[in-house]
Amino acid sequence: MESWCGVTLLLQQHLKILSAGLKTYELPQDYSGVVIPEKPKLKFLNKVPNFKKAKKEMKRLRDIQGPAKGATSFTYGQYAIVAMGGGYLEWGHLEMMRLTINRQLDPSTTFATWRVSAPYKPITRKGLGQRMGGGKGAIDFYVTPVKCGRLIVEVGGRIELGEVEGVLNQVARKLPFPAKVMSKESLAAMHQEQAEKEANNQNPWTFQRIARSNMLGLRRVISPFDLHNHGRFTGKFFNPSRV
Amino acid sequence: MEKNRREESSGGARTEKRCLPLAQSVRHGSKAVTRHRKPMHILKQKLLAVTEYIPPKPSAAPGAYPSQTKRMEQESGLVRFLKKKVETTFEECKMLVVVQNNATNAEDMLLLRHRLHKHDIAIKFFPNQVMRSYLPSSQYRNMLPLFIGQTVMFVSKEPKVKEMLRVLRSSPQMILLGGCIENTMLSREGILNYSRLPSITTVQGELVGGLTLMTSQTVSMLQRHPAHLSALLQQYIKQNQPGGTPESTAPETTPKTEGAAV
């Protein structure tokens, strides 16, 4: 009898050891300040702006060049698609974004907003096979110029990054410029990392220093735009590794 | 492709000493913003290569020193609870042996436990993390290198090493690493030697035998034939008095001893 009791006790003790463990869980996010607006889905953007008379515009490629001045930080949302280069967003891109994101949105918990306006810049095209000359072409379509660092779409609500990351990545890949999905924290971290890099750079020679003091007469091969942007931007392209 | 845009100027800035040339050539390259990456002037390429980012070098390799921040991690409740258990085990048990278990079935483990249970030896499983946090603060800090990998502890109140080794012989995958028996750290060889030591009673018997060796020898000598004893004593006297003749007492003692023997 004693030996039988001992055996069951052993069994119980053995089983207990095999199953013991403690998992520490991460605290769930606090969504107290999150307000989901009445119309949580992305609104429809017009292909053509409401003009009485459409005016042809010059190319003005400087609206693609360099870093963005406005719409570089978050307003109501938590996650966004951030442009990592310059380019033009056409109505087709905007429609693709709107349809894909609206399809995946759960209107009770998530909302999305545009951070770019509807296309307003007219692009002209001449007919096929036309020779040079004969005036400027007719307006073909409208575009929205986007500079590097601008937010395109902002998404927020009672959600984690993992839930929206897939959709936003899918959309970001299809845009005409390189784009990244970022959260508020990751954007701030990126800025901070850049500042830290600038501070702890072991190279005594920096682009800014050489260009500003025109060492070796290098202003001859550097444009004033490069000087102003410390060599980080070339046309519409952005080099994140430059300090 | 160099982009030199100089307007065709008929006038230009003219001073007394210098003046711009009358006619200047105009060359049109691509615009500043292009869809492709524009080929850069070699000097600009060199400038960008020279002004690249150089990160700071860490003074020590990343894994050289233990990070201080890691130690300050708050231990979870389970770890603290297990630590207390470890403490009580160490205080109670005289024999603690660390054994490495390699791929033991639950069935084999159960059989092993049963066999050891008959000799009152318990098997304890403690996570290595708990041991590593407890041991340095206690007196058993030299046992730290034993707790690497999958280890199991055999603990008992009485040091029964022989029985334990006999049981371990049946399971070859359990490898003895070392342990602490009666407050002495022992390696594997030490434990084996400890098992070969004779028991206390035999040691005591040996000690007593060694102490009473001389007296027992004299007793046996007296019980032998007296002629042998007298010869021994004569020899002893000869040694003590060098160059001396055998004394007159020698023949006198013989009748006395003969009388005693009878």
Side-chain angles (χ1 to χ4, degrees), chain A residues 3 6-7 9-11 13-18 20-24 59-66 86-87 145 176 194 196-211 215-226 230-237 239 241-243, chain B residues 2-5 30-58 73-82 85 104-118 120 122-127 129-130 152-153:
Chain A
S3 63
V7 166
L9 186 68
L10 272 179
L11 266 170
Q13 280 177 349
H14 195 65
L15 289 168
K16 262 190 258 173
I17 279 164
L18 292 172
L22 189 75
K23 187 174 166 96
T24 44
K59 223 172 280 227
R60 264 193 299 120
L61 285 170
R62 59 181 179 275
D63 52 16
I64 312 287
Q65 212 187 23
Q194 182 62 29
E196 270 176 15
K197 268 177 114 176
E198 276 170 29
N200 67 16
N201 189 6
Q202 299 300 302
N203 195 350
W205 303 110
T206 52
F207 190 99
Q208 186 202 8
R209 182 182 164 197
I210 293 175
M215 294 188 185
L216 299 175
L218 283 169
R219 285 287 295 269
R220 196 168 69 90
V221 294
I222 294 171
S223 72
F225 169 78
D226 289 325
H230 309 325
R232 297 184 76 213
F233 295 90
T234 328
K236 67 171 186 173
F237 302 106
N239 301 319
S241 54
R242 296 249 15 121
V243 158
Chain B
E2 254 189 36
K3 192 182 104 169
N4 277 329
R5 295 185 98 239
S30 52
K31 296 194 176 171
V33 181
T34 49
R35 291 179 200 204
H36 63 283
R37 283 192 184 261
K38 277 208 307 193
M40 275 192 275
H41 196 277
I42 184 67
L43 289 177
K44 190 175 175 190
Q45 283 176 40
K46 285 186 184 177
L47 171 64
L48 288 174
V50 162
T51 55
E52 265 168 18
Y53 172 66
I54 297 176
K57 234 184 174 183
E73 243 181 57
Q74 213 205 10
E75 286 173 348
S76 67
L78 183 69
V79 173
R80 274 182 274 138
F81 171 70
L82 286 172
K85 270 193 123 180
T104 328
N105 297 357
E107 192 193 333
D108 290 337
M109 184 57 92
L110 204 55
L111 281 171
L112 187 74
R113 282 189 98 138
H114 181 64
R115 282 186 200 131
L116 289 171
H117 186 68
K118 282 193 237 173
D120 279 329
I123 303 186
K124 294 278 183 189
F125 290 78
F126 291 117
Q129 186 200 16
V130 167
V152 158
M153 272 180 51

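The shortest non-hydrogen separation linking B:V50 to A:N203 is O-ND2, 2.8 Å. When all heavy atoms are compared, the tightest approach of B:E52 to A:N201 is O-OD1, 4.4 Å. Of all the heavy atoms in B:V33 and A:Q65, the pair that sits closest is CG2-CG, 3.6 Å.
Scored by the salt bridge (charged side-chain N to carboxylate O under 4.0 Å, His left out) test, B:D120 finds no partners at all (sequence neighbours excluded). Scanning for side chain to side chain contact (heavy atoms under 4.5 Å, CB included) contacts around A:F233 gives A:P67, A:C148, A:F225, A:N229, A:F238, with sequence neighbours left out.
Screening A:L216, A:D226, A:V221, A:I210 against B:L47 for a side chain to side chain contact (heavy atoms under 4.5 Å, CB included) leaves a single residue, A:I210.
With rounding to the nearest 0.5 angstrom, the CD atom of A:Q202 is 10.5 Å from the NZ atom of B:K57. Taking OG1 of A:T234 as the start and CZ of B:R37 as the end, the distance is 6.0 Å to the nearest 0.5 Å. Separating the CG atom in A:N239 from the CG atom in B:L48 is a distance of 8.0 Å, to the nearest 0.5 Å.
When heavy atoms are compared at a cutoff of 4.5 Å, B:P56 approaches chain A by way of both its backbone and its side chain. Both the backbone and the side chain of A:L61 come within less than 4.5 Å of a heavy atom of chain B.
Counting only heavy atoms from C-beta outward, the side chains of B:T51 and A:R209 never approach each other to under 4.5 Å. Using a 4.5 Å heavy-atom cutoff, the side chains of B:Y53 and A:T206 are not in contact.
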